[in-house]
Protein chains: 2
Amino acid sequence: MPYASYASMPCALGRPAALLGERWTLLLLRQIFLGTRRFEDFQATMEISRSVLTDRLNVLLQEGVLKRVPYHEDGRTRHEYRLTEKGRDLYPVLMALRTWGEKWMAPEEEESFHLHHRDCGGGVRAKVECTDCGAELTARDVQVTARS
Amino acid sequence: MPYASYASMPCALGRPAALLGERWTLLLLRQIFLGTRRFEDFQATMEISRSVLTDRLNVLLQEGVLKRVPYHEDGRTRHEYRLTEKGRDLYPVLMALRTWGEKWMAPEEEESFHLHHRDCGGGVRAKVECTDCGAELTARDVQVTARS
DNA sequence: AGCTACAGTTCGGATTCCGAACTCAGGGGG
DNA sequence: CCCCCTGAGTTCGGAATCCGAACTGTAGCT
């Protein structure tokens, strides 16, 4: 288990990076945050093979990022994939990607969707801040200390 | 080119997700932010095969996330991989992963490193905020509007 | 000239991924 | 009751990636 072994590394950054840094997983989460919830809909909106989709959904279920919720349609019981609280907490990760994408990977064409704060209509962006003084931080403002 | 085609999708979130959502890329960036800069050091600290390491470094070079910088050691000229401004701007993405990892994937053992604000010693965390009113936002506070 | 270190490249075998077909379960219609 | 339809996977052969180990190339040092 070469790549997968990072899931157990002693690093709060390495573990999520290994989990989400698997092919399709970030795109899958993007789709989920945009409201996709059913197997067939994932398959329709992304060009992912069914077997890999099954695998990725199962990994996210096992990690507790997603949960299967039963629902009714035409009097039939099926189930859909929804974010858990742990999954919803990934929002800053996706927004950080988007903030970066808007600045550095912006194409000429239109974007497929826009985001606005419901209350005031403002834009959305991710940032890093100090938990004590509240200052916005860049990599240079942060001191890395290796474990003793 | 199935997965790679997302690199050209009209979505400021999908494009970065496809780029960084490739195996090893996030772990590679983690290592770079921790100070690793040379081919042999990447190879030593991650269990990645040399050919894939070559490939991932080249992709990040082509995307302008990394640059090759010559340096001298023992009077020899070699080069190392360093972040560009575009690359440094990925810091919030990595910090968002770490913030999430600390909350939801924390193991019993020690972490391999700690981060502190240089100026005040405080902790580091990622968050999402409104560009207008400055409020901290969750997924529920944000309205998604599809392209007209 | 030989030895060493860095930075790759090459290549055969193992994994993973893809696409299409197949399975299975629950209704609905005839 | 039997057949068809849909959603949600599972199976499987071939293609694309990845792995590990060996090989190449370059530059300096002895």
Side-chain angles (χ1 to χ4, degrees), chain A residues 1-7 9 14 17-29 31-32 35-63 66-82, chain B residues 1-7 9 14 17-29 31-32 35-63 66-82:
Chain A
M1 58 187 85
Y3 183 83
S5 69
Y6 283 85
M9 73 197 308
L19 172 63
L20 303 185
E22 199 115 32
R23 226 176 168 198
W24 294 112
T25 304
L26 282 172
L27 286 169
L28 193 49
L29 285 169
Q31 213 54 48
I32 289 168
T36 306
R37 287 170 190 168
R38 283 140 68 157
F39 191 93
E40 297 296 319
D41 293 337
F42 290 121
Q43 240 277 299
T45 52
M46 314 164 61
E47 293 175 38
I48 185 175
S49 76
R50 300 176 79 82
S51 48
V52 174
L53 176 56
T54 301
D55 177 75
R56 295 300 184 273
L57 287 171
N58 284 335
V59 169
L60 293 176
L61 283 175
Q62 271 184 300
E63 289 291 331
L66 299 181
K67 59 187 170 190
R68 290 171 111 241
V69 180
Y71 72 100
H72 285 267
E73 187 180 69
D74 315 330
R76 284 193 59 156
T77 300
R78 297 194 182 283
H79 31 268
E80 56 189 14
Y81 296 90
R82 308 202 58 155
Chain B
M1 59 187 79
Y3 184 84
S5 69
Y6 283 84
M9 73 196 309
L19 172 63
L20 303 185
E22 199 116 31
R23 227 177 167 198
W24 294 111
T25 304
L26 282 174
L27 286 170
L28 193 49
L29 285 170
Q31 213 55 48
I32 291 169
T36 306
R37 287 171 190 169
R38 283 140 69 159
F39 191 92
E40 298 294 320
D41 292 337
F42 289 122
Q43 241 277 299
T45 53
M46 314 164 61
E47 294 176 36
I48 186 177
S49 77
R50 300 176 78 84
S51 48
V52 175
L53 176 56
T54 300
D55 177 74
R56 295 301 183 272
L57 288 170
N58 284 335
V59 169
L60 293 175
L61 283 174
Q62 270 185 302
E63 289 292 331
L66 298 181
K67 60 187 169 189
R68 290 171 110 243
V69 180
Y71 72 100
H72 284 268
E73 187 181 67
D74 315 330
R76 282 193 63 152
T77 299
R78 297 193 180 283
H79 29 53
E80 56 188 14
Y81 296 91
R82 308 202 57 155

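By convention in this document, chain letters (A, B, ...) are assigned in the order of the sequence lines, proteins followed by strands, and residues within each chain are numbered from 1.
If you check the side chains of A/Y71 and A/R82, you find no donor sitting under 3.5 Å from an acceptor.
Taking atom CD1 of B/I48 as the reference point, atom P of D/dC18 lies 9 Å away to the nearest angstrom. Atoms CD (B/E40) and P (D/dA27) sit 17 Å apart, rounded to a whole Å. Rounding to whole angstrom units, CD of residue A/E22 and P of D/dC18 are separated by 11 Å. For A/N58 and C/dT16, the CG to C1' distance is 16 Å, given to the nearest whole Å. Atoms CG (B/L57) and C1' (C/dC6) sit 14 Å apart, rounded to a whole Å. Rounded to an integer number of Å, the gap from CZ of B/R38 to C1' of C/dA5 is 10 Å. Note: CD (A/E47) to P (D/dA16) measures 16 Å, nearest angstrom. Remark: C1' of D/dT6 and NE2 of A/H72 are 17 Å apart, rounded to the nearest angstrom.
The heavy-atom pair separating B/R23 from A/E22 by the smallest distance is NE-OE2, 4.2 Å. Heavy-atom minimum distance, B/P70 versus B/T77: CB-CG2, 4.3 Å. Among all heavy-atom pairs drawn from A/M46 and A/L28, the shortest one is CE-N, 3.7 Å. Scanning all heavy atoms of the two residues, the minimum distance from B/V59 to B/L19 falls at CG1-CD1, 3.8 Å.
Of the candidates D/dG9, D/dA8, C/dG8, the closest approach to any side-chain atom of B/F39 belongs to C/dG8.
Contact check, A/Y71 against D/dG7: no side-chain N or O comes under 4.0 Å of OP1 or OP2. When the side-chain nitrogen and oxygen atoms of B/Y81 are compared with OP1 and OP2 of C/dC6, none of them lie within a distance under 4.0 Å. Not one side-chain nitrogen or oxygen of B/R78 sits closer than 4.0 Å to the OP1 or OP2 atom of D/dG25. Taking 4.0 angstrom as the limit, A/R68 places a side-chain polar atom (N or O) nearer than this to OP1 or OP2 of D/dG9. Phosphate proximity of C/dC18 to A/W24: present, with a side-chain N or O under 4.0 Å from OP1 or OP2.
Positionally, the nearest nucleotide of DNA chain C for A/S51 lies more toward the 5' end than for the other of A/T77 and A/S51.
For a distance-only test at 3.5 Å, the side chain of A/R50 qualifies as a donor-acceptor partner of the base of D/dA8. Not a single donor-acceptor pair, N or O on each side, falls under 3.5 Å between the base of D/dG28 and the side chain of B/R76.
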